[in-house]
Structures are given as C-alpha cells and as structure tokens.
Amino acid sequence: MAAMAARACGGAWRRGWQHGRGVPGPALSPFPRGQRAVACNARVGAVPAGKSGLAPWVPVVGLEIHAQISSNSKLFSGSQVQFAAPPNSLVSFFDASLPGTLPVLNRRCVEAAVMTGLALKCSINKKSLFDRKHYFYADLPAGYQITQQRVPIAVSGSLSYSLCIDSKMSQMVTKTVRIKQIQLEQDSGKSLHDDTRSQTLVDLNRAGVGLMEVVMEPDMCCGEEAAAAVRELQLILQTLGSSQAVMAEGQLRVDANVSVHHPGEPYGVRTEVKNINSIRFLAKAVDYEIQRQIEELENGGTILNETRAFDSKLGCTVPMRDKEGKQDYRFMPEPNLPPLILYDAKSLPANMNHQQVINIDWIHERLPDLPSVKREKLVEQYGILPEHSFALLNEDGLAEFYENVVKQTRMKPKRVIGWVLNNLLSYLKQHSLTVKESPVSSFLLADLLNLLEKKEISSTAAKQVLAELWKGEGKTPLEIVKEQKLQLLQDQKELEQICQAVIDRQENEVMAIKAGNLKVLNKLIGLVQRETQGRSNPVLVKQLLEKKLEVATREKPHK
Amino acid sequence: MRALALARWVRAWRVPARGHSGHGAHRPPPQQKVSVEVLDHLEHLALVDFRDSEGVERLQKAIEFADQLHEVNTDGVEPMDSVLEDRCLYLREDDVTEGNCTKELLQNAREKVEEYFVAPPGNIPLPKLEERDTFLQGS
C-alpha cells in the first residue's frame with residue numbers, strides 16, 4: 001500500500017501512487033448512479049501526463065466539509081434551527097450580536113460532534129477550547145465567528161470509502177482518507193446580493209446554527225475519490241443523525257483544496273474551490289481544477305494561492321471576488337467560554353448534575369451500525385455481492401425495501417437482488433422517484449416474485465406484469481396475470497402435443513438439427529412459444545424438443 | 001490617567017524582581033517603532049483609523065507597557081487565556097426558547113427591505129496606502 005503524504009509545509013513526505021491493473025478508459029463512479037467521472041489515472045499506475053507527454057503530474061485533493069448539526073436550537077442560543085422561514089424570524093439577540101449577550105453552549109451539538117468523531121475513529125479531546133476568528137462580512141454581525149482553532153473536539157481519525165475500478169462496476173477497491181480534525185463552530189447568516197440596487201440583503205436565520213467542520217487530509221487525487229469520500233461521510237452523518245447532510249439545503253458544504261506537483265517534488269500552490277452544490281459537481285469541479293492547473297503550468301504559467309468558485313453552468317472554476325489577498329483572522333481565545341470538558345466511564349465525576357456531564361463511553365455504546373457495518377451484514381446474511389450492498393445503501397430506503405421483499409418471498413435473496421436493483425431501481429430512477437414514492441410496494445413485488453418462483457409465469461411475463469404494476473392501478477400480480485393470460489402452461493401433455501406439431505411441420509429445421517446444427521433448435525422453441533402465446537417455459541420446451549428429436553445440446557451454464 | 005498610575009505600579013513592582021540577578025528573568029526587547037506596513041495592515045484589518053501621530057504614539061506606548069510582561073520568567077508555565085478556566089462550561093438543553101422578534105431586531109436598522117437588513121454590496125476594501133488620505137503616507 002502506498003505511503004500517504006502529509007500536508008505539513010516543509011514536510012519531506014513522498015506520495016506513492018497505487019499500482020493499477022492497467023485498465024484504461026473512464027471508470028463509472030457508483031455515486032450517483034449512471035454518472036461518469038473522469039478516470040482517476042493515479043489508480044491505474046499512470047498519472048495525467050498533460051499534452052506535452054513529459055513529466056507526469058500528481059494531483060493532491062484535500063477537503064473541508066461543513067455539516068450543519070441536526071438540532072432544535074442553535075449552537076450558542078435558543079433560537080430555532082429551520083430551513084426556509086420568514087427572514088430574521090429565527091434570530092435571538094445573541095445571534096444579532098446585540099451588546100450584553102453571551103454564548104451558552106447547546107448540549108445536543110456537543111453530543112453530535114462526539115458521535116461523529118467516534119464514527120470517524122477520532123480521538124476525542126476531553127478538553128477542547130473555543131476561539132474567535134475575526135473577519136468582516138455583512139452576514140457575520142459580531143465581526144467574528146466562534147470556532148475551535150487551537151484544540152478542537154476531535155482529531156486524527158479516518159474514513160474508508162469504496163470506488164469501482166472498472167466500468168462494469170464489478171470490482172470495488174477500498175480507500176482511506178485521514179481526518180485531521182472535527183471542530184464545532186457557528187454558521188453565518190445569508191447574504192442575498194442585489195446587484196441592480198447595489199446592496200446586499202442579510203437574513204440572520206442561519207447565523208449561529210451549529211456546524212461540524214470536518215477537515216480531511218489531502219489524501220485524495222481526483223474528483224471521483226473526493227465524491228466517494230463525501231458520499232460515505234454523508235451516509236455516516238445521516239445514519240448517526242448528527243446531520244441530515246442534504247447538500248441541496250446547505251446542510252453539507254464542501255470546499256476543495258487542489259494542487260498538482262511532479263512526483264518527488266514539493267507540493268504545488270493550492271487553490272481553494274468553493275460554491276460546490278452537489279456531489280456530482282464536486283467531482284467535476286475538482287477534475288476541472290486539476291486540468292486547469294496542469295495546463296497553466298505546462299504553458300509556463302503559475303498558480304495563484306486564491307479562492308475560486310465553481311460555475312456549474314459552465315463547468316469551470318473562476319476566481320472569486322471579495323476574497324482579496326490572504327486573510328489575517330487574528331485568532332484569540334473566546335473569553336466568555338471556559339474549556340469544554342468531556343468525560344468517560346473512568347473519569348465520570350461523582351457529584352455533578354448528570355445533565356451537565358457528557359460521557360463519551362455512553363455515547364459510544366449507543367452508536368448505530370455504520371454504513372460499512374450494514375453492508376457487511378447484508379452481504380453475509382443474503383449472500384449478495386459487495387457492489388449490491390453498496391447500491392442498496394446508496395438509495396434511501398432501498399435496503400429496507402429489499403429486506404422486506406426477501407422476508408415475504410420464497411425466492412432466493414441472490415435472485416431477488418437482481419429484481420430490486422435492475423428492475424425496480426432503474427424504474428424509480430427513470431421517473432425520479434424515491435423508494436418511498438414507489439407505486440410498487442415490497443409486498444407487491446414479493447407477490448410477483450412468488451409467482452415466478454412457483455414457475456406459474458415466465459421471467460419475461462414477470463417483467464410484463466411489473467410494467468403493469470408500475471401504473472399503480474391497484475391490481476394484484478395474479479389479477480394482471482389472469483387478465484393478460486400470462487400463466488405458463490402447466491399441462492405437460494398439451495405442451496408435448498404442441499412441440500410434436502411444430503416438429504412435424506418444420507421438416508427442414510428438424511433435418512438441420514439432426515444433422516448437427518443445434519442452433520436451429522432455438523427457432524423451434526420460438527415457434528412453440530408463439531403457439532402458446534408466450535405461455536410456455538422455454539427451458540421445459542427445450543428439454544421436450546431435445547427428447548423428441550433425440551439430440552443432446554450443451555447446457556448453457558445458468559446464472 | 002489611570003493607565004499612567006497602573007504603569008507606575010507595574011514599574012514599582014518590577015524593581016524588586018530586578019534585584020534578583022541570575023533569576024532567569026528576561027530582558028524586555030529593544031524599543032522598536034511600529035512600522036508603517038504594520039499600521040497600514042492594522043487599519044485594513046480592524047478598520048481603525050489612527051488619524052494622527054498621537055494615535056500611533058498611544059499604540060506605541062501600549063506596546064511598551066505590555067512588553068513589561070517579558071520581565072517574568074514563564075518557562076514551563078501554561079498560558080492562561082481565560083480566568084474562567086476552572087469554571088464549569090454550562091450545557092444548555094436543546095430547546096427553542098428564543099427568536100420570533102423580527103420587528104424588535106429591525107427597529108434599529110437604518111435601512112431595511114421586507115424584513116431583511118440592508119448592507120453595502122460585499123466588502124469594500126480600504127483603498128491602498130498610496131490612494132488613501134491618511135497621515136501614514138508621510139511616515
């Protein structure tokens with residue numbers, strides 16, 4: 001395994017890159033489904049060489065992620081946390097930074113940060129401190145943000161995520177990114193820029209909402225890796241409930257730090273990319289920025305240490321205004337807050353009000369199963385492939401749906417998974433529906449699969465029934481089967497008669513088969529199917545025909 | 001006036017410390033003027049206006065005053081950043097107890113548009129030193 005590089009300035013770490021399997025071409029990223037991402041060439045041994053084909057480049061990607069804490073009230077005040085409310089209606093005097101107000105820490109926010117830290121395998125600092133980060137902006141009424149710069153609540157963790165390394169999505173590789181730290185901090189308000197009247201409208205509803213900033217070390221090398229890491233973090237946060245992490249509602253914000261350098265040389269100048277509004281755009285933005293930097297440097301230019309915004313319409317990054325020069329944040333300790341002390345089972349104080357005590361071990365015991373654990377359990381319990389369990393957890397409610405179907409049908413779980421992932425999920429995607437909105441419930445699908453399992457209908461017929469079920473007209477699978485006359489012929493004698501009739505009619509084909517051209521058998525099977533209006537089991541028909549013609553064909557291996 | 005009295009008190013306190021030679025007490029650093037670059041930087045950052053040489057003098061004196069701290073040997077001593085360090089940080093229950101006072105909050109706003117505060121468009125940075133009308137230019 002290649003050594004990981006650290007971003008310490010002056011550090012003499014070398015970055016090794018994975019020795020790949022030599023598979024060229026773009027790889028399909030698993031998240032979101034169907035979206036292509038630029039191949040992370042570092043995985044396949046080569047690194048983007050740029051147009052001159054000279055020295056290869058090593059891209060370095062680090063992420064700063066802000067996750068809004070899922071809580072009723074804000075980090076330091078009792079005003080409500082809610083998306084979309086009348087402007088300035090969820091603002092307390094403290095949030096508006098009126099004189100004479102003081103911060104009071106919200107217990108739930110601390111617990112959320114501890115849960116997240118534990119889930120990301122961090123060391124929880126039993127004593128952490130709050131600081132002020134000063135800068136001027138209209139949506140920061142105090143002129144500073146309360147954050148944890150010196151000693152954050154959690155440090156030194158790691159996050160494992162998986163990627164598909166070939167386009168068939170059949171081989172997954174696990175990667176790890178180190179978590180530098182997690183800190184608690186305040187969110188700022190929102191600015192709406194009114195360029196026509198040359199003014200900014202400020203809404204402080206969001207000002208003071210609790211955030212967890214998760215800092216990831218620059219262990220990633222392309223957009224696909226960054227996207228997969230963020231997707232996994234999103235799933236973890238949603239499983240824990242510490243954040244709902246919906247990017248579209250601003251509950252999860254990602255800034256990417258991107259640089260490139262030649263192998264063996266020091267790190268290049270990095271740029272910060274902001275305004276990334278979805279995981280898909282994250283991959284695009286990172287890949288664009290890597291390419292831009294490579295082209296710039298190969299053309300003899302230099303990279304400025306600047307902040308750039310991602311323009312999703314144009315698919316490129318542009319320099320951001322309002323971020324001139326390096327900021328001096330003049331960090332200072334927050335004088336109004338004593339250190340935050342956390343306890344564990346050993347250090348639990350005897351005489352303290354338990355509402356004032358946060359016990360790390362207590363929280364650890366109550367952590368739910370993380371996505372990686374859930375996936376392993378699914379694979380173990382149902383014998384499905386890791387790729388399948390990934391797909392199940394990637395869609396909200398799908399794993400539960402699958403398990404419900406399995407419970408209600410006798411069909412083997414390994415066969416059910418195909419129906420859930422291929423037929424059900426693709427339909428939902430086509431119509432942009434969530435699992436909850438599915439017109440076909442797990443009960444209906446199980447019902448249908450039972451008919452298939454009992455060989456009362458063929459696989460093709462089952463697909464037809466499913467198509468009918470999507471209409472959501474309330475019919476049961478059995479009703480549809482009867483309506484459309486899709487039942488398989490159960491009468492063996494009748495089937496034999498039809499087979500014989502076909503054999504008698506198709507003299508030329510029979511001669512060809514007896515002469516050794518066994519492919520022609522398929523034509524006969526097709527004719528029998530036509531006679532029976534698709535209601536014959538093709539496997540059975542084949543067997544009958546073969547018996548009658550006294551030929552044996554090679555059995556095609558069944559999946 | 002109070003500052004001067006305080007300064008005198010600190011100097012008085014300092015004298016016995018000097019008597020203990022070889023104590024490891026640090027000497028205060030040599031007197032240095034605050035450079036124009038630093039002053040310009042401060043004006044940018046904190047949006048203060050030193051206005052005239054008296055303002056800068058006052059800053060200079062304040063720095064000298066604080067420099068007296070170097071007299072004390074702090075080797076191996078953890079810096080204290082809050083007198084609250086031994087206090088318990090109070091944890092509040094996650095209940096909604098505030099907010100819904102839009103009218104009150106906006107009543108102090110000079111300008112408002114439909115319950116939004118109005119601010120200038122983005123940050124207007126202080127013009128560069130050469131372009132500003134400030135006495136620092138002559139320094």
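Reminder, nothing fancy here: chain letters follow the sequence lines and each chain counts from 1. We use all heavy atoms of the structure for the numbers below, so side chains are in, but hydrogens, waters and symmetry mates are not.
Proximity of A/P152 to A/S128: side-chain heavy atoms (C-beta onward) are nowhere separated by under 4.5 Å. A/Q186 has its side chain out of reach of A/L211: every pair of non-hydrogen atoms, C-beta onward, lies at least 4.5 Å apart. Between A/V202 and B/V118, every side-chain heavy-atom pair lies at or beyond the 4.5 Å cut-off. The side-chain heavy atoms of A/N106 and A/S73, taken from C-beta on, include a pair separated by under 4.5 Å.
If you tally non-hydrogen atom pairs under 4.5 Å between each of A/A85, A/P87, A/S92 and chain B, the highest count goes to A/P87. Among B/L105, B/N100, B/L84, the residue making the largest number of heavy-atom pairs under 4.5 Å with chain A is B/L84. When the candidates A/A138, A/P333, A/S77 are compared by the number of heavy-atom contacts under 4.5 Å with chain B, A/S77 comes out ahead. Between chain A and the residues B/S82, B/A119, B/C101, the largest count of heavy-atom pairs under 4.5 Å involves B/A119. In terms of non-hydrogen atom pairs under 4.5 Å with chain A, the most contact-rich of B/E104, B/E93, B/E85 is B/E93. Most heavy-atom pairs under 4.5 Å with chain A, from the set B/V83, B/L89, B/N108: that is B/L89.
Checked against A/C109 for a side-chain contact (heavy atoms from CB on, under 4.5 Å), the options A/S71, A/S242, A/S70 give a single hit: A/S71. Screening A/R253, A/K74, A/Q145 against A/D187 for a side chain to side chain donor-acceptor pair (under 3.5 Å) leaves a single residue, A/R253.
A distance of 9.0 Å separates NZ in A/K126 from CG in A/L342, rounded to the nearest 0.5 Å. For the atom pair OG1 of A/T317 and CD of A/E306, the computed distance is 8.0 Å after rounding to the nearest 0.5 Å.
B/D94 has no carboxylate O lying under 4.0 Å from a charged side-chain N of A/R107, or vice versa, which leaves the two without a salt bridge.
Looking at A/R330, the atoms closer than 4.5 Å to chain B (heavy atoms on both sides) all sit in the side chain, from C-beta outward. For A/L75, the part sitting under 4.5 Å from any heavy atom of chain B is the backbone (N, CA, C, O) and nothing else. Contacts of A/N336 with chain B are made by backbone atoms alone, with heavy-atom separations under 4.5 Å and no side-chain atom involved. For A/V110, the part lying under 4.5 angstrom from a heavy atom of chain B is the side chain only. Only the backbone of A/F76 comes within contact range of chain B, with at least one heavy atom under 4.5 Å from a heavy atom of that chain. For A/K127, no part lies under 4.5 angstrom from a heavy atom of chain B. Neither the backbone nor the side chain of A/M332 has a heavy atom closer than 4.5 Å to any heavy atom of chain B. Proximity to chain B (any heavy atom under 4.5 Å) is shown, for A/P339, by both the backbone and the side chain. Residue A/I341: no heavy atom, backbone or side chain, is found under 4.5 Å from chain B. Contacts between B/E114 and chain A at a heavy-atom distance below 4.5 Å involve the backbone alone (N, CA, C, O).
Pairing each heavy atom of A/D255 with each of A/K274, the nearest pair is OD2-NZ, 3.0 Å.
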